[in-house]
Amino acid sequence: MTATQLIEKATKTINVFIADPLSDDGIFPLRQETELDLNIIVDTGLAPEQLIARIADVDVLLVRSQTTVTREVIEAAKNLKLIGRAGVGVDNIDLNAATEHGIIVVNAPDGNTNSAAEHTIAMMTSLARFIPQAFNTLKNGKWDRKSYVGVELKNKTLGVIGMGRIGAEVAYRAKGQRMDVIAYDPFLTEERAKELGITKGTVDEVCAAADFVTVHTPLLPETRNIINKERFAIMKDGVRIINCARGGIINEDDLYDAIVEGKVAGAALDVFVQEPATDHKLLTLPQVIATPHLGASTVEAQESVAVDVSNDIIKFFKTGTVTNP
Ligand code: NAD
Ligand code: MLT
């Protein structure tokens, strides 16, 4: 079906269903839109069967990462023309089902780059200096200075797997900490590496050289478990690991074993294979610090991604085209 046909298929009123908490300021473009008759419905935290029951006459479904847009949801959505993802990863949306049903999926690829990069640096620094563990001890009334002797970042090597938007921003900031950076990305050219002031390597070279390894790829068949037991084996003893990208890029069982065996000194995790991850074996290890998928959780990022996706929705219904398909 062509975009024009899709627009014609729209009923006069366009039902926009917001299924995850989004920034109010970010959806302002939708609220102030006057040429289109947008009916904005906000109903968050629905169980899958509740969403399915509500979706039949929805034209636009807007989500963050909490809602999983399954094939069942898509098949129940008889009027759905567009799914908006206020963020980068579209791994919570069944893209094959959407394509089969002629539904366009748009995301917001740039809006949370800065926040995710800042969170990665915060996690790396916290990991190096045991800040969460020491804070916890102090909150529990103990003044313990012996247990938390950290390491400096200066003159350490940061290994980056995935040198896209966030990876590059992390590398830039790590240089500011006077770290050396080595990175692997299938699309990283020598010229770009030179421009960023970093070294280009293979995954194995990155793993072997790094004191800290951070991953910034999407979760794809090629990146799932890219950091695994074989890769831990070639890393330096005492390496520290950061994942603020997607659970599953680092094999969680192998990471657990590598920490217990003393190969890995610690890990900072913002993401998990199964989320919410409140009862995870990695969280039982004192060497692991974690946040509940907060990489993009800033006022600025949430407003920015919601604005981007709102503008794309409006653009689609006015012109039949989108900016971030
Ligand atoms: P991006 O598309 O700009 O960059 C991803 C990079 O990964 C690309 O340069 C790509 O070439 C590279 N890549 C692809 N396959 C690879 C492979 N096999 N090996 C190494 N590199 C490979 O994406 P981004 O905006 O930088 O986002 C990176 C990740 O961070 C995504 O998984 C995204 O969902 C996640 N993210 C998480 C949060 C959070 O809240 N924790 C916030 C934003 C983004
Ligand atoms: C993303 O992919 O943009 C992130 O995981 C952030 C989020 O959706 O909260």
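The residues of the chain are indexed from 1 along the displayed sequence. Every number for a ligand or one of its atoms is a count from 1 in the order of the listing. FYI, side chains are in, hydrogens and waters are out, and symmetry mates aren't considered; it's all heavy atoms of this structure.
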So, [X] versus [Y]: side-chain donor-acceptor pair below 3.5 Å or not?
| X | Y | answer |
| --- | --- | --- |
| Asn324 | Asn107 | no |
| Ser65 | His293 | no |
| Ser147 | Asp144 | yes |
| Asn225 | Asn251 | yes |
| Thr70 | Thr68 | no |

In the protein, which heavy atom is nearest to [atom], and how far is it?
| atom | answer |
| --- | --- |
| atom 1 (P) of ligand 1 | Arg165 NH1, 3.8 Å |
| atom 10 (C) of ligand 1 | Asp185 OD2, 3.4 Å |
| atom 3 (O) of ligand 2 | Val88 N, 2.6 Å |
| atom 14 (C) of ligand 1 | Pro218 CD, 4.0 Å |
| atom 6 (C) of ligand 2 | Ala296 CB, 3.5 Å |
| atom 5 (O) of ligand 2 | His293 NE2, 2.6 Å |
| atom 4 (O) of ligand 1 | Gly164 CA, 3.3 Å |
| atom 27 (O) of ligand 1 | Ile166 CD1, 3.4 Å |
| atom 9 (O) of ligand 2 | Arg64 NH2, 2.9 Å |

Which atoms of ligand 1 are found less than 4.0 Å from any heavy atom of [X]?
| X | answer |
| --- | --- |
| Cys244 | 37 (C), 38 (C), 39 (C), 41 (N) |
| His293 | 39 (C), 40 (O), 41 (N) |
| Gly89 | 34 (O) |
| His216 | 5 (C), 6 (C), 7 (O), 28 (C) |
| Tyr184 | 19 (N), 20 (C) |
| Ala116 | 42 (C), 43 (C) |
| Asn112 | 43 (C) |
| Met163 | 9 (O) |

Which ligand 2 atoms, with their elements, are less than 4.0 angstrom from a heavy-atom of [X]?
| X | answer |
| --- | --- |
| Asn112 | 1 (C), 3 (O), 6 (C) |
| Ser65 | 7 (C), 8 (O), 9 (O) |
| Gly89 | 1 (C), 2 (O), 3 (O) |
| Gly87 | 3 (O) |

Could you check whether any side-chain heavy atom of [X] comes within less than 4.5 Å of a side-chain heavy atom of [Y], counting everything from C-beta outward?
| X | Y | result |
| --- | --- | --- |
| Ile227 | Val215 | yes |
| Asn155 | Met179 | no |
| Ile234 | Glu230 | no |
| Glu169 | Ile166 | no |
| Leu46 | Thr44 | no |

Euclidean distance, Asp110 CG relative to Thr323 OG1, rounded to 0.5 Å
10.5 Å

Below 3.5 Å, N or O to N or O, backbone or side chain included: is there any such pair between [X] and ligand 1?
| X | result |
| --- | --- |
| Ile249 | no |
| Leu294 | no |
| Thr223 | no |

Residue portion contacting ligand 1 (non-hydrogen atoms closer than 4.0 Å) for Thr217:
both

Indicate, as side chain, backbone, both or neither, the part of Ala245 found under 4.0 angstrom from ligand 1 when only non-hydrogen atoms are considered.
both

Is a salt bridge present between [X] and [Y], judged by a nitrogen-to-oxygen distance below 4.0 Å?
| X | Y | result |
| --- | --- | --- |
| Lys78 | Asp57 | no |
| Glu33 | Lys318 | yes |
| Glu152 | Lys156 | no |

N/O separation below 3.5 Å, Arg85 to ligand 2
yes

If you draw the axis of the six-membered ring of Tyr256, does the NZ or CZ of Lys281 fall within 45° of it and under 6.0 Å from the ring centre?
yes

Is there a heavy atom of Thr113 sitting under 4.0 angstrom from any atom of ligand 1?
no

According to a hydrophobic-cluster definition based on side-chain heavy atoms being under 4.5 Å apart (Ile, Leu, Val, Met, Phe, Trp, Tyr only), do Val170 and Leu188 belong together?
yes

Of Pro186, Ala296, Pro221, Ser297, the residue with the heavy atom nearest atom 16 (C) of ligand 1 is Pro186

Taking heavy atoms and a distance under 4.0 Å, where does Gln66 meet ligand 2: side chain, backbone, both or neither?
neither

Give the minimum heavy-atom separation between Ala301 and Ala296, together with the two atoms involved.
CB-O, 3.4 Å

